[in-house]
Every structure is written in C-alpha cells, then in structure tokens.
Visitor: 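Take a look at this one; I'll ask things after.
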There are 2 protein chains.
Amino acid sequence: MRISEAVEWSLHCCTVLAVLPGDQVLPSSRLAEFHGVPPAYLAKALQALTNAGITESRPGPLGGYRLAQPAGAVSLLDVVLAVEGEDRAFRCSEIRRRGPAAATDPTVYRRPCGIARAMWRAEEAWRAELASSTIADLVNELVATVPPSQLHAGAEWIQSVHATRMNRT
Amino acid sequence: MRISEAVEWSLHCCTVLAVLPGDQVLPSSRLAEFHGVPPAYLAKALQALTNAGITESRPGPLGGYRLAQPAGAVSLLDVVLAVEGEDRAFRCSEIRRRGPAAATDPTVYRRPCGIARAMWRAEEAWRAELASSTIADLVNELVATVPPSQLHAGAEWIQSVHATRMNRT
DNA sequence: GTGGCAGTACTCGGATAACCTTTGTCCGAGTCTAAACGG
DNA sequence: CCGTTTAGACTCGGACAAAGGTTATCCGAGTACTGCCAC
C-alpha cells in the first residue's frame with residue numbers, strides 16, 4: 001500500500017496557489033521549478049485537480065493555475081481523492097462465495113462481509129481525518145511555524161515570477 | 001493507492017484458523033482450496049504471517065498452519081502490517097528542501113512539514129480503527145450473522161479434511 | 001496616428017513509453033509416516 | 001513378535017518470472033501578446 005508522490009506534490013502546490021495575491025495565476029512549469037519536481041508529471045497531477053474542480057486553469061501566455069475555491073473550502077481529502085481516484089483502497093473480492101463451503105442462496109451475501117466492513121470502517125476514519133483539514137489550515141500552520149525570512153523568500157519568488165511574466169518586452 | 005489482495009485472503013484465513021478445534025492445523029493448500037485462491041501465492045502471505053508471529057507452521061505430513069496467539073490477541077492491524085509491511089502509506093520526500101525558496105539553515109526542517117503530519121495523522125486514525133478489532137471479533141460477527149447451516153457446512157469441511165489426513169492408509 | 005491583422009511564443013490537455021511494485025509460480029530443504037527388514 | 005532402518009510423500013520456505021500501475025515524457029490545440037501594415 002503506497003500513496004502516490006503526486007498527492008504530496010499536489011498538496012504543496014495547493015498551499016502555494018492559496019497564497020497567490022489577487023487573481024494571479026502560476027504555470028505548472030513554475031510550480032515544478034519551485035518544488036524541484038519533473039514538470040511534465042506535475043502537470044498531470046494539476047490536470048486531475050482541475051478536472052475535480054479544485055483548481056482553475058487558463059491557457060496561453062500569462063496563463064496558469066489558481067485555486068477555484070477558497071482555500072478553506074478545499075479539504076485534504078478533496079485533493080487526495082482527486083489525484084488518487086475515488087476508489088477505496090480495500091477491495092472486497094467476495095472470496096467467501098468461492099470454495100466448497102459457499103452458500104447456494106445468494107441472499108446470504110446481501111450484506112458485505114465483516115472483514116470488508118472493518119476495513120472500510122478504518123478507511124472512513126482515515127477519510128474523516130483528512131476531511132477535517134483544509135488547505136487554509138496548512139497555510140496557517142506554515143505561517144505560524146516557518147521563520148518570517150523564509151516566508152518572505154517565497155513571496156519574493158512569487159512576485160519575481162509575476163513581474164517577469166508582465167514585463168515581457 | 002490500493003491494498004493488496006493478500007490482506008483480504010490473510011484475514012479470511014485467520015478467521016478459519018481461529019475456529020480450528022484443538023491443536024489442529026491446516027495446510028496452505030487446503031486454505032487456498034477453501035477460499036478458491038491460487039495456492040502458491042497464498043502460501044507467500046501465510047509465510048509473512050508466520051514471520052510476524054501471528055501464525056505457527058509445522059512442516060511435514062500432518063503439518064500446516066495455526067494461530068500462534070489467541071484470536072482475541074490478534075488485531076486486524078497486526079495482520080495488515082504483517083502482509084503489507086510496516087511502512088507508512090504516505091512518504092514525505094521533503095520537497096520543501098528543494099527549489100529556489102529552500103532554506104540553507106537545516107534546523108528549519110527539524111519537524112516534519114504540516115502536510116506530512118496531516119497525512120500521518122489520518123493514517124494513525126486508520127491504524128487505530130484497525131487495532132480496535134480482533135480476529136475474535138470477526139469470528140463472533142460471523143457466528144452472529146451467518147445462518148447456522150452455513151456454519152455447519154464449514155465445520156463439516158474442516159472435519160473432513162482432518163479425517164482424511166488422519167486416515168491415510 | 002490609429003485600427004486591423006498576421007506571426008510568435010507560451011500555456012494547458014491528452015496520448016504515449018520506461019520503471020517498479022504487486023501478483024503468480026516454481027523447486028529445494030526439512031519432517032513425519034509407514035512399511036520393510038532383521039533379530 | 002518387536003525394534004530399527006529406510007524409503008516415500010507431504011509440508012513449509014525462499015528464489016524466480018509475468019502483469020498491472022505508477023512514474024516520466026512528448027507532441028498537438030488553443031490563447032494572448034507583439035510587431036507590422038494599411039488606411
């Protein structure tokens with residue numbers, strides 16, 4: 001069991017997009033540069049976020065991505081499901097119906113077996129925990145713990161990207 | 001993100017092993033037959049359970065597997081970790097240290113970033129839920145919900161296997 | 001000087017290959033049974 | 001008749017291949033700016 005790297009990248013990207021001033025957007029290539037990850041693959045993850053309605057995209061020069069919703073309205077679960085898919089991690093293959101002790105009466109199997117229910121219960125706990133945090137919480141946590149000089153460096157970088165994109169002669 | 005099929009098979013096998021009478025053991029080939037799964041691959045999962053101390057194995061004729069602990073002492077989490085490995089699903093690759101806005105002072109990164117902490121918090125909730133159920137709970141749930149005729153059929157099958165193994169002329 | 005127009009550069013979006021984990025399989029080491037043999 | 005030996009068959013255990021999914025990449029469609037041209 002392993003969560004995709006794209007989830008981690010997506011969450012980091014969302015925190016960056018959340019602090020963009022005004023209606024500014026940021027292209028995927030810059031987001032990749034900021035995080036030091038392969039640009040083409042990050043684009044795939046951002047595409048998934050856009051399909052899920054978490055981010056918006058604008059094509060063309062001065063195009064890029066920005067959050068489609070307030071940072072407080074986007075939970076970590078939203079991002080994880082957008083990138084990893086909505087399917088549950090545990091899949092019941094109904095092996096109880098196979099083998100020599102299987103029942104012929106299908107009504108016996110109307111309810112999911114106890115194993116699947118227990119696994120899904122755990123997964124619900126996981127989802128509930130992820131649903132209780134938002135991108136805004138991540139940003140607030142950053143602001144509270146990261147040294148101001150560090151935050152300033154990030155803001156400077158964002159501003160420089162914006163300036164470069166505007167001052168294209 | 002996807003949980004291995006071997007986890008499902010292992011849990012089902014544990015419930016069967018939990019209801020074995022006396023010191024009886026059951027070979028992996030019979031467990032595979034009972035559940036209708038590939039014998040060789042199931043053996044791999046049972047091997048992992050044995051390495052984790054959840055099951056015991058006896059080689060030779062009349063050999064097989066049985067639980068090494070009371071069913072009430074084995075949690076679902078124990079089984080999942082034995083088969084899937086102890087590693088966490090979310091792995092932080094510390095991408096915050098890369099890129100143009102990275103800090104030169106390493107002490108800034110002493111604590112895990114908020115994203116990793118949130119993901120791990122969710123994973124802890126998942127583990128806590130799995131740790132709260134035991135194999136014995138699964139068995140009790142089966143006894144309470146499965147029709148008696150069905151339970152009887154399973155017990156008959158186990159007994160027939162035992163008899164066949166003893167009456168080898 | 002001003003409006004229109006074509007060219008250009010940059011962006012997203014989906015379709016296309018390599019790597020790795022999971023799945024599936026096999027054969028060898030060890031062990032217990034059971035029969036055969038000798039006393 | 002009984003103890004010992006030997007052969008056999010069955011089990012687990014770890015090493016060895018195929019399949020699916022994640023990772024990584026590329027090229028095409030679309031858009032906004034820039035400079036040029038005609039009026």
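In what follows, chains carry the letters A, B, and so on, assigned in the order in which the sequence lines appear, proteins first and then strands, with residues in each chain numbered from 1. Heavy atoms only: backbone and side chains are in, while hydrogens, waters and symmetry mates are out.
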Visitor: More than 12 heavy atoms of other residues, nucleotides or ligands under 6.0 Å from CZ of R117(B): is that the case?
Guide: yes
Visitor: N/O contacts under 3.5 Å, protein versus nucleotides 28-31 of chain D?
Guide:
none

Visitor: Other residues, nucleotides and ligands only: do more than 12 of their heavy atoms fall within 6.0 Å of CD on Q69(B)?
Guide: yes
Visitor: So which atom in T134(A) and which in G72(A) form the shortest heavy-atom distance, rounded to 0.1 Å?
Guide: CG2-O, 3.2 Å
Visitor: Just the rounded figure in Å: distance from P of dG13(C) to CG of L49(A).
Guide: 11 Å
Visitor: Kindly assign one of parallel, tilted or perpendicular to the pair F34(B) and W157(B), based on the angle between their ring planes and the thresholds 30° and 60°.
Guide: tilted
Visitor: Tell me: CZ of R66(A) to P of dC12(C), nearest whole Å?
Guide: 14 Å
Visitor: Between L81(A) and L77(A), is a side chain to side chain contact (heavy atoms under 4.5 Å, CB included) present by the stated rule, with each step listed?
Guide: CA-CA 6 Å; L81(A) 292 185; L77(A) 181 63; 3.8 Å; yes
Visitor: How long is the line joining CZ of R30(A) and C1' of dC10(C), in whole Å?
Guide: 10 Å
Visitor: So, E84(A) side chain and V79(A) main chain: donor-acceptor pair closer than 3.5 Å or not?
Guide: no
Visitor: Just the rounded figure in Å: distance from P of dT23(C) to CE of M1(A).
Guide: 12 Å
Visitor: Rounded to the nearest angstrom, tell me the gap between atom CD in E8(B) and atom P in dT22(C).
Guide: 17 Å
Visitor: Answer yes when E94(A) and R96(A) have at least one side-chain N-carboxylate O distance shorter than 4.0 Å, and no when they do not.
Guide: yes
Visitor: Could you see if L67(B) belongs to whatever hydrophobic cluster contains L62(B)? Use Ile, Leu, Val, Met, Phe, Trp, Tyr and a side-chain cutoff under 4.5 Å.
Guide: no
Visitor: Rounded to whole angstroms, how far apart are CD on E5(B) and P on dT25(C)?
Guide: 13 Å
Visitor: E56(B) and T50(B): side-chain donor and acceptor closer than 3.5 Å?
Guide: no
Visitor: Taking 4.0 Å as the cut-off, does a side-chain nitrogen or oxygen of R165(A) come that near to OP1 or OP2 on dA32(D)?
Guide: no
Visitor: For dG13(D), does either OP1 or OP2 sit under 4.0 Å from a side-chain N or O belonging to Y65(B)?
Guide: yes
Visitor: Figure out the CG/C1' separation between L42(A) and dG13(C), and round it to whole Å.
Guide: 14 Å
Visitor: Is there a path from Y109(B) to W9(A) through hydrophobic residues (I, L, V, M, F, W, Y) whose side chains come within less than 4.5 Å of each other?
Guide: no
Visitor: Can you check the R2(A) CZ to dT21(C) P distance for me, whole Å?
Guide: 6 Å
Visitor: Between S29(A) and P39(B), which residue's closest nucleotide on DNA chain C lies nearer the 5′ terminus?
Guide: S29(A)
Visitor: Of all of residues 17-28 of chain B, which get a heavy atom below 4.0 angstrom from DNA chain C, listed by number?
Guide: none
Visitor: What does the list of N/O pairs under 3.5 Å between the protein and nucleotides 14-16 of chain D look like, with a distance for each?
Guide:
| residue | atom | partner | partner atom | Å |
| --- | --- | --- | --- | --- |
| dG14(D) | OP2 | Q47(B) | NE2 | 2.3 |
| dG14(D) | N7 | Q47(B) | OE1 | 3.1 |

Visitor: Taking only side-chain nitrogens and oxygens of T50(A), does any of them come within less than 4.0 Å of OP1 or OP2 of dC12(C)?
Guide: no
Visitor: May I have the step-by-step check of side chain to side chain contact (heavy atoms under 4.5 Å, CB included) for C92(B) and W120(B), ending in yes or no?
Guide: CA-CA 10 Å; C92(B) 178; W120(B) 289 338; 4.2 Å; yes
Visitor: Nearest-nucleotide wise, let me know which of L46(B) and S4(A) is further upstream toward the 5' end of DNA chain D.
Guide: L46(B)
Visitor: Does dG13(C) have its OP1 or OP2 closer than 4.0 Å to a side-chain nitrogen or oxygen of S57(A)?
Guide: yes
Visitor: Whether E33(A) and R30(A) form a salt bridge (side-chain N of Lys/Arg under 4.0 Å from carboxylate O of Asp/Glu) is what I want to check.
Guide: yes
